[in-house]
Amino acid sequence: MLAKRYRLSKRGSFTYVYRHGERKQTAALKLIYVLSRGEDRVGFSVSNKIGKAVVRNKIKRRLRAAYSPYCGHVAPSQMVFMATEEIVGKSFAEISSDMRYLLIRAGLYTDEKKNG
RNA sequence: AGAGAUGACUGUACGAUUGCGUCUGUUUACAGACGAGGAAAGUCCGGGCACCGUAGGACAGGAUGCCGGCUAAUUACCGGUGAAGGCGACUUUAAGGAAAGUGCAACAGAAACAGACCGCCUUGAAAAAGGUAAGGGUGGAAAGGCAGGGUAAGAGCCUACCGUCUCUGCGGCAACGCGGAGAGCGCUGUAAACCCCAUUCGGUGCAAGAGAAAAGAGAGGUUAAGGUUGUCCGCCGUCUCUCGAAAAUCGCUUGAACCUAUCGGCAACGAUAGGUCUCCAGAUAGAUAAUCGUAUUUAACAGAACCCGGCUUAUAGGUCAUCUCUAUUU
RNA sequence: GCGCCAUUAGCUCAAUUGGAUAGAGCGUUGGUCUACGGAACCAAAGGCUGGGGAUUCGAACUCCUCAUGGCGCG
């Protein structure tokens, strides 16, 4: 799915992104990102308000699975995907298309890069 | 056939492609093995384990409260007794002491442990006085209940039965049960009100902590600041407190463990034997997914975070066992 | 993960350690006043005291249990 080196794993880096990042959002998803050197790193945040542990875990898994095709093909940056309460009940396809829209809008991903 | 009661079990399966975590092996990219529940949940109890310059005494405070058993441990588990509910199978039950003391019992009612409102009887011309708790009315609770005798009217005043209390026989380890004799019975309820009696509790929780690494600034104190549990005594006996920086590693999973069989026990539970290496979750932004196919229904509640034992709560659909009542037929 | 606290009218809070109709302010609705509105005055509605059970004659208050919301701990 996602190797560990592509993941954000420290509380500090999350707060850094929250503080300095730019934001784009759809109804179900929110993307916060900071351009950086090196590799692209991603984190997922699903708040306690969205549901119980089973629901939250399911959403996180879906987000990881949706991101996996883009992994390694995105401009170097640190990103956090934040789920909103709208995401409950959405299918994998809907989440996936939302994510693609956000990545293109943020200018982190284009179709040419996918080919190369 | 219908309506119930109780106790259990199961709770998607198989396959394809792409992927995730841990371990092992070669080796740096592959291969193999394994990878979430009955409640992992709530955190309501009990323990293990860890630390706190010892946890020592007194007081205060908390918890529990029928009997026996089981256990590492218990008030919560198991079995029984009594009481309450149900036609019944069965269910529920924090169930010691109110005759040690204190408090409370609004309103109503004459009166709430103290005395006469109506009524009844006696005396009296009447007013009134006396007797009386059988009847009425008030209330959650009203002077043991009910029947007969008795009486001016009444009253355990007397008697039978039931209840209560005291003594006592038998059965039971015990709670208690079944009886017998006596006392006429002057004693309301509340202890999940204070309290009394008995038993019991040191505190903090893996964000406990361990051992490394690093080590600056400010304030206070010199025998009385500080620490030790809520207070006091007692004890410790020189640095103490605050702010800042840094947090990799271990603790972390082999354990009162799990499975199977036999035996003991009504049961909780215990004992013994076996399991060719039984050990096969152990993360730290936190691993089970995504896309499909097949099966009959599109499938509940729900995600380990130091580990166990119990309780409580959530749970679509399906299965089994033992019972009860009602109706019909034989 | 662990440890605590709270829940009363639409909102913010009371209710003398159990006693009967659960109060107050703001807000809402209606009326008086005014040419109209505000302010002021008068009146009314609005509560299964978060849900369920237990103790008690009687529970917002005591006990158990569930739910919701909030806080703290490196």
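Note that the coordinates shown come from a computational prediction; the quantities given were computed from them, not determined experimentally. Per chain, numbering begins at 1; letters A, B, ... match sequence-line order. Computed over heavy atoms, backbone and side chain alike; hydrogens, waters and symmetry mates excluded.
Pairing partner, rG171(B): rC176(B), with both Watson-Crick or wobble hydrogen-bond distances short of 3.5 Å. Look at rC320(B): its Watson-Crick or wobble partner, with both distances under 3.5 angstrom, is rG7(B). Across all strands shown, rG96(B) forms a Watson-Crick or G-U wobble pair, both distances under 3.5 Å, with rC196(B).
With P as the reference atom, rA111(B) and rU17(C) are 26 Å apart, rounded to whole Å. Nucleotides rC269(B) and rU6(B) place their C1' atoms 22 Å apart, quoted to the nearest Å. Taking the P atoms as reference points, rA60(B) lies 41 Å from rG79(B), given to the whole Å. Atom name P, nucleotides rC9(B) and rA268(B): the rounded distance is 13 Å, in whole Å. Spacing of C1' atoms, rA267(B) relative to rC70(B), comes out at 10 Å, to the nearest Å. Between rG2(B) and rA39(B), the two C1' atoms lie 35 Å apart (nearest whole Å). Comparing the P positions of rG32(B) and rA271(B) gives a spacing of 44 Å, expressed to the nearest Å. Rounded to whole Å, the P atom of rG38(C) lies 33 Å from the corresponding atom of rA22(C).
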Please tabulate the protein-to-nucleotide N/O contacts below 3.5 Å involving nucleotides 34-36 of chain B, giving atom names and distances.
residue : atom : partner : partner atom : Å
rA36(B) : N6   : R61(A)  : NH2          : 3.4

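Shown here for R62(A) and I95(A), the closest heavy-atom pair between the two residues is CD-CD1, 4.2 Å. Among all heavy-atom pairs drawn from L63(A) and M99(A), the shortest one is O-CE, 3.8 Å. Of all the heavy atoms in S96(A) and A66(A), the pair that sits closest is CA-CB, 4.3 Å.
In textbook terms, a nucleotide whose glycosidic angle is within 90° of 0 is syn, while rG282(B), being further out, is anti. For rG38(B), the glycosidic angle deviates from 0 by 90° or less, giving a syn base.
Summarising the geometry, the separation between CE on M82(A) and C1' on rA285(B) is reported as 13 Å, rounded to the nearest angstrom.
OP1 or OP2 of rA289(B) has not a single side-chain nitrogen or oxygen of R62(A) nearer than 4.0 Å.
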